[in-house]
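Right, one structure below, let's go through it.
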Amino acid sequence: MFDSAQPASGSPGSSAVMRGQLNSLHDLINALNVILAAQVDGVNTINFNEPATATVNLVGNTLHFSFDIPRGGVGAPGQDGIPGQQGPPFAQAIIDAVNTLDPGQAATASVNFDGTNVRFTFGIPRGPDGGQGEQGIQGPPGEVTNATLANAISGTSRNTNGVATLGLAVSDPPTQGEMQTIVNKVDELILALRN
């Protein structure tokens, strides 16, 4: 075992004592941990003006570091930047979609600018389904009888009898005059059907 008092001052030199002391020092050196790696476990931001701290632990053959570093104070306002270029003109706002969401979902709204137009998309939840309503009372029968209806319908097709058939042979391709004749005849038929 190492003895710092050996060899004693003024004692004759003894190789056995010196050898024992050197071997003891050798054993102490070998017993020391050898550091093979270092690792930073954490860097934490602490409040302005708090002192910075650093801790280190030896775990096996690795040094483990942890640091607490205060954040800086609020700086003075910076100077105004150079004005930017004039942006593209704002043309219009466009609603791209309004989507119906399920009851209970939160309403949504998104917006983007495509360089000219501001474009919106909305999501709106529908209300919950209502309960079943009560059965209404039976209403009175209608006032129009089958006989009255049949008499009203009877003979209504004669309104178109006053419209003569076209009897037109259309050339290929049709001429402007032929197309106008067809349009006039359709108008005549529509007016006759309205009477």
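For clarity, every value in this text was computed on a predicted model and none was experimentally measured. All values below come from the heavy atoms of this structure, side chains included, with hydrogens, waters and symmetry mates left out.
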Applying ring-ring contact (aromatic ring centres under 6.0 Å, His included), which residue pairs with at least one partner in residues 117-152 are found, sequence neighbours left out? F120-F122
Minimum heavy-atom distance between E178 and A169, given as atom pair plus value: OE2-O, 3.5 Å
Side chains of residues 38-45: which donor-acceptor pairs under 3.5 Å do they make with residues two or more places apart or in other chains?
from, atom 1, to, atom 2, distance (Å)
Q39, NE2, D41, OD1, 2.8
D41, OD1, H64, ND1, 3.2
D41, OD2, H64, ND1, 2.9
N44, ND2, D68, OD1, 3.1

Which pairs count as salt bridge (Lys or Arg N to Asp or Glu O under 4.0 Å) when at least one residue sits in residues 108-127, sequence neighbours excluded? D96-R119, D102-R126, D114-R119
CG-CZ distance between N47 and R71, expressed to the nearest 0.5 angstrom: 5.0 Å
Any donor-acceptor N/O pair, T165 side chain to G167 backbone, under 3.5 Å: no
Taking a hydrophobic cluster as the set of Ile, Leu, Val, Met, Phe, Trp and Tyr residues connected by side-chain heavy atoms closer than 4.5 Å, whether directly or through intermediates, do V118 and V98 fall within one such cluster? yes
Any pair with a residue in residues 42-52 that passes salt bridge (Lys or Arg N to Asp or Glu O under 4.0 Å), sequence neighbours left out, goes on the list, sorted by first then second residue, please. none
Do V111 and I94 sit in one hydrophobic cluster, given that two such residues count as connected whenever their side-chain heavy atoms are within less than 4.5 Å of each other, even indirectly? no
For the OG1 atom of T62 and the CG atom of N57, what is their distance to the nearest 0.5 Å? 12.0 Å
How many angstroms lie between atom CD1 of I69 and atom OG1 of T53, to the nearest 0.5 angstrom? 9.0 Å
Partner set under salt bridge (charged side-chain N to carboxylate O under 4.0 Å, His left out) for E188, not counting sequence neighbours: K185
Is there a chain of hydrophobic side chains (I, L, V, M, F, W, Y, each step under 4.5 Å between heavy atoms) that links V56 to L58? yes
Gap between atom CD1 of I124 and atom OG1 of T100 - 0.5 Å precision: 7.5 Å
I need the L101 CG to T108 OG1 distance, nearest 0.5 Å. 5.0 Å
Same apolar cluster: I95 and F113, side chain cutoff 4.5 Å: yes
Interatomic distance, CD1@I182 vs CG@N184, rounded to 0.5 Å, equals 10.0 Å
Could you list the donor-acceptor pairs under 3.5 angstrom formed by side chains in residues 127-136, with sequence neighbours left out?
none

